[in-house]
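To start, the structure itself, in C-alpha cells.
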Amino acid sequence: MTRIGELFGRKRARVLSVYSTAGFPQLNSTIEVMKALEAGGADMIELGMPYSDPLADGPVIQASSTKALENGMTLAVLFEQLKDMRRSIHIPVLLMGYINPILQYGFERFCETARRVGVDGLILPDLPIYEYETEYGPILRKHGLDFVFLVTPETSAERIRKVDMLSTGFLYAVSSSSTTGKNKDIGEQEDYFQRLQQMKLRNPVLVGFGIRDRDSFDAACRHANGAIIGTAYIRAIDKATNVDAATREFLSGIVGVEAGAL
Amino acid sequence: MIENRITVKSIKSPNEQGYYGKFGGAYIPEMLYPNVEELRTRYLEIMNEAAFQKEYRTLLKDYVGRPSPLYLAGRLSAKYNTSIYLKREDLNHTGAHKINNTVGQILLAQRLGKRRIIAETGAGQHGVATATVCALKGIECIVYMGEKDIARQAPNVARMKMLGAKVVPAVSGSKTLKDATNEAIRDWINNPTDTHYIIGSVVGPHPYPDMVARFQSVISEEIRAQLREKTGSELPTHVIACVGGGSNAAGTFYHFLDDASVELIAVEAAGRGVHSGKSAATTQLGKPGVLHGSRSYVMQTEDGQVVEPHSISAGLDYPGIGPLHAYLYDSGRATFLSATDDEALKAAFELTRLEGIIPALESSHALAALDQLQLNEKDTVVLCLSGRGDKDMATYMYAMEGGML
C-alpha cells in the first residue's frame with residue numbers, strides 16, 4: 001500500500017493536506033517548510049512545482065511560483081533538495097504542477113526520480129483524462145505513483161464516476177469553479193459536497209480551493225474526508241522571518257496543534 | 001509516443017480529440033472542462049446550421065465588407081519578376097482579418113446563450129474586433145491585455161473603450177499577450193456558465209484551433225474563386241502568410257492544404273535575429289510542449305518554463321504557434337521562413353512606395369519573405385495582407401526619423 005493509502009486507512013476524517021510552492025519563500029526553504037508542516041500537524045504535503053504559466057492558480061500562488069523561479073527553482077534542483085527527504089519527512093508527499101516542465105524533463109524519467117526520492121503521488125491539473133488513459137497512466141502505475149484527479153461542482157455524475165475509477169489516492173474536490181485563492185463561501189457548495197458524499201466513491205475526497213481558517217476547514221470536513229489549504233498558507237509564510245514558527249502558528253489556528261506539541 | 005494512435009483524414013481537420021498528428025489536444029484543468037466540452041460537442045453542429053451560415057455570410061458581406069479584393073500588385077510583381085496577388089484583409093472593417101473570426105464566434109456565443117464575452121489581445125487588433133462585434137450585438141465585453149501592451153498600443157485601447165469594452169490589464173508574469181491569455185482563461189474558470197471566451201488565434205484547447213481556422217478559411221475560399229476568375233486556375237504556385245499564433249495563415253492555407261502542388265510558406269518573426277535572444281521564431285527556437293491548452297511548438301527554457309519572445313510586431317510576439325502549424329512544420333507540408341524586425345520594416349516601406357498600401361507590421365513579415373524565395377515569371381504568388389498599418393504608424397515614423405529607411 002502507498003503512503004497515501006496508509007494515511008486514509010487509519011484516518012478517514014479531518015485529513016489536512018497543505019500546499020506549498022517548492023523553492024518558496026527562499027530557494028532552500030523546501031525541506032524546512034515540509035518539516036514544519038509535518039511537525040505542525042499536517043497529514044499530507046502537496047509540493048508545488050513552479051511554472052511560468054499556472055492557469056489554474058490565482059494571483060497568490062502564481063506570485064509564489066514566480067518568486068520560486070526567480071530563486072532558481074527547477075525540477076533538477078527540486079529533486080536534489082528532496083533526495084534525502086525521507087530521513088526526516090514521514091507523511092505522504094505529492095508533487096503538484098503543470099505538464100509542460102515534466103514533458104521537458106521526460107515524463108518517465110520524472111516518475112522514476114520522484115519515486116526514488118520518496119514522492120507518493122502527482123496532481124497535474126492540465127493533464128487530461130484522454131492523455132492519461134492512453135499514454136501517461138501506465139507510466140505512473142509502473143512507478144507506483146498515485147495520481148489524483150480534480151472534480152468541480154460542474155462535473156457530471158458520470159464523469160465523477162470515471163475519474164473516481166482512474167484516481168488513486170484520493171479525489172480533489174474543487175470547492176467552487178474558481179482558480180485558487182477565491183474566497184467564496186464554502187457553505188454555498190454544501191449541495192455539491194453532499195452529492196459527492198452520497199455517491200459513495202471508491203476514493204476518499206479532499207476539498208480544495210477556498211479553505212483558509214478553522215471554520216472553512218470544519219465546514220469542508222463535514223462532508224469530506226478532509227481538506228487542502230494552499231493560498232492561505234502561502235500568505236502566512238510569504239513575509240515570515242521564521243518559516244518554522246509561522247507554519248506552526250498557522251496550523252495551530254486550523255487543527256489546534258500547538259507549536260512544539262509533537 | 002503519441003504518433004501511433006493518430007490517423008489524419010485530411011490535414012484540414014484534427015481528430016476527435018483535437019490532434020493534428022501529435023499536436024493539439026485539450027490540456028485544460030477540470031474547471032474548464034464543461035465550457036470547452038460544450039463547445040467541442042456543439043461547434044460543428046451550430047456552424048453547419050443553414051440559419052447560422054446565412055447570418056454569418058450576410059455579416060461578412062454587408063458588415064465586414066467581404067469578399068476582400070484579390071489585387072494583382074503590378075509594380076511589386078515587376079520587382080520580383082513574378083505575379084504577386086495581395087489578399088486584401090487590410091480592407092476589412094476594423095482593418096485586419098481578425099474580424100472574420102469574431103463575427104463567427106459572437107454568433108456561436110449567442111446560440112450557446114452566453115451573455116458575457118471575454119478575449120485576450122496583444123496589439124489590440126483582436127480586442128478591437130471582439131469589442132466591435134460585442135457592440136454590434138449588445139453583449140458585455142471584457143478584454144485582457146498585458147500592462148506593457150496597454151502602454152504601447154494606446155490607440156487600440158481607446159478604440160476598445162469607445163466601443164464599450166472593459167480593458168483589464170494583465171499584471172502577472174511578463175505582462176504581455178501570453179499573460180493576457182492566462183488571465184482570460186482564469187476569468188473563464190471563474191465564470192463557467194454565462195461567459196464565452198473568444199480566442200483570437202488558432203491556439204488554445206480543442207476545438208479552438210479548428211473552429212478559428214474554419215472561420216478564417218473564408219480567406220482561401222475567396223482566393224480560389226478570385227484566382228479562377230483572374231487566371232483561369234484556382235491554384236497558385238505559392239501562398240505566403242505571416243505566423244504568430246497563425247490565424248491568418250491558417251485561413252489563407254486552409255483550402256490549399258490538400259493541394260500538394262501549392263507551396264505553403266509561413267513567415268515567423270525573427271525579431272532582432274533568430275539567435276539574438278530577442279526573437280519570436282517559434283519553430284526554430286521552440287520545442288514540443290504544452291501552452292494554453294494544446295500541444296505544439298513552444299519557446300521555453302530547458303526546464304520547460306515559457307520564455308518571453310520578441311518581435312517589433314505585437315501580433316507576432318507569441319511564444320507558441322497553433323497546433324495545425326506545428327503539424328504543417330513537422331510534416332514538411334509548409335515551409336517556415338522568418339523575417340527580422342528590420343527586414344519587415346524595409347518590406348513595409350517597399351510596399352507602401354510601390355503600391356500605395358501601408359501594411360501592418362505583421363503582414364510586412366510575409367512581404368519580407370519575397371526576398372528569400374526563388375520566384376519566376378511563371379509563378380503565381382498569393383500573399384495575405386492580413387492588416388493595415390495605421391496602428392503601426394508610430395513605429396514607421398520612428399524608423400523614418402531614425403534614418404533607418
Side-chain angles (χ1 to χ4, degrees), chain A residues 49-59 62-63 65-66 69 72-78 97-108 110 124-131 134-136 139 149-156 159-160 163 172-174 176-180 182 184 209, chain B residues 1-2 4-6 15-19 22 25-38 170-174 178-179 181-193 205-206 287-296 298-308 319-320:
Chain A
M49 301 173 283
Y51 179 48
S52 53
D53 295 78
L55 291 181
D57 288 304
Q62 173 161 23
S65 284
T66 305
L69 291 172
M73 183 48 78
T74 65
L75 286 180
V77 169
L78 177 60
Y98 295 82
I99 183 95
N100 193 56
I102 299 177
L103 292 177
Q104 301 316 311
Y105 191 87
F107 196 85
E108 176 128 31
F110 174 87
L124 301 175
D126 63 346
L127 176 60
I129 289 180
Y130 172 75
E131 282 71 13
T134 51
E135 184 163 2
Y136 300 109
I139 303 173
F149 280 96
L150 274 60
V151 296
T152 81
E154 272 78 30
T155 309
S156 67
R159 191 167 164 87
I160 292 173
V163 299
Y172 193 147
V174 176
S176 52
S177 273
S178 63
T179 47
T180 52
K182 289 264 168 174
K184 288 191 184 167
F209 293 57
Chain B
M1 277 186 284
I2 298 179
N4 57 11
R5 64 166 196 266
I6 301 299
N15 73 5
E16 207 166 303
Q17 273 72 37
Y19 279 95
K22 60 184 174 180
Y27 293 79
I28 50 167
E30 182 64 24
M31 295 84 91
L32 275 181
Y33 180 81
N35 313 31
V36 172
E37 183 64 6
E38 180 184 34
V171 296
S172 63
S174 52
K178 143 181 115 65
D179 309 281
T181 307
N182 292 340
E183 292 304 326
I185 292 174
R186 286 199 183 108
D187 180 308
W188 211 21
I189 288 175
N190 290 317
N191 296 282
T193 46
H206 178 62
K287 284 177 292 185
V290 171
L291 176 65
H292 295 144
S294 58
R295 193 168 193 275
S296 186
V298 179
M299 288 171 60
Q300 52 189 309
T301 65
E302 251 174 50
D303 194 45
Q305 309 297 339
V306 181
V307 302
E308 190 56 22

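Only heavy atoms go into these numbers, but all of them, side chains included; no hydrogens, no water, no symmetry mates.
- Formation of a donor-acceptor pair under 3.5 Å by the A:Ser52 side chain with backbone atoms of B:Val306 is found in this model.
- Annotation for A:Glu108: atom CD counts as buried by contact number, over 12 foreign heavy atoms lying within 6.0 Å.
- Proximity to chain B (any heavy atom under 4.5 Å) is restricted, for A:Met73, to the backbone atoms N, CA, C and O.
- The distance from atom OG1 of B:Thr301 to atom CD of A:Gln104, rounded to the nearest 0.5 Å, is 8.0 Å.
- For the residue pair B:Gly304 and A:Tyr51, the shortest heavy atom distance occurs at O-CE1, 3.4 Å.
- Taking CG of A:Leu55 as the start and CE of B:Met31 as the end, the distance is 9.0 Å to the nearest 0.5 Å.
- Proximity to chain B (any heavy atom under 4.5 Å) is shown, for A:Thr66, by neither the backbone nor the side chain.
- In this structure, the side chains of A:Pro59 and B:Glu183 stay at 4.5 Å or more apart for every pair of heavy atoms.
- Residue A:Leu75 touches chain B through both its backbone and its side chain, counting heavy-atom pairs closer than 4.5 Å.
- To the nearest 0.5 angstrom, A:Asp53 atom CG is 9.0 Å from B:Thr181 atom OG1.
- In this structure, the portion of A:Pro50 lying under 4.5 Å from any heavy atom of chain B is its backbone and not its side chain.
- Residues passing the salt bridge (Lys or Arg N to Asp or Glu O under 4.0 Å) test with A:Asp126: none are found, sequence neighbours excluded.
- A distance of 7.0 Å separates CZ in A:Arg159 from CD in B:Glu37, rounded to the nearest 0.5 Å.
- Between B:Arg295 and A:Glu131, none of the side-chain N atoms (NZ, or NE/NH1/NH2) sits under 4.0 Å from a carboxylate O, so this pair counts as no salt bridge.
- Ranked by heavy-atom pairs under 4.5 Å with chain B, the first of A:Ile102, A:Thr155, A:Leu103, A:Leu127 is A:Thr155.
- Contacts between A:Leu150 and chain B at a heavy-atom distance below 4.5 Å involve backbone atoms as well as side-chain atoms.
- The contact between A:Leu69 and chain B is made entirely by side chain atoms (from C-beta outward), counting heavy-atom distances below 4.5 Å.
- Considering only heavy atoms from C-beta on, B:Leu291 stays 4.5 Å or farther from A:Asn100 through its side chain.
- Chain B forms the most heavy-atom pairs under 4.5 Å with one residue out of A:Ser156, A:Pro54, A:Pro125, and that residue is A:Pro125.
- Side-chain contact check for B:Glu30 versus A:Tyr172: every heavy-atom pair is 4.5 Å or farther apart.
- By the ring-ring contact (aromatic ring centres under 6.0 Å, His included) test, B:His292 pairs with B:Tyr318, sequence neighbours left out.
- Here the side chains of B:Gln305 and A:Pro101 are in contact, with some heavy-atom distance below 4.5 Å.
- With a 4.5 angstrom heavy-atom cutoff, B:Pro288 touches chain A only via backbone atoms.
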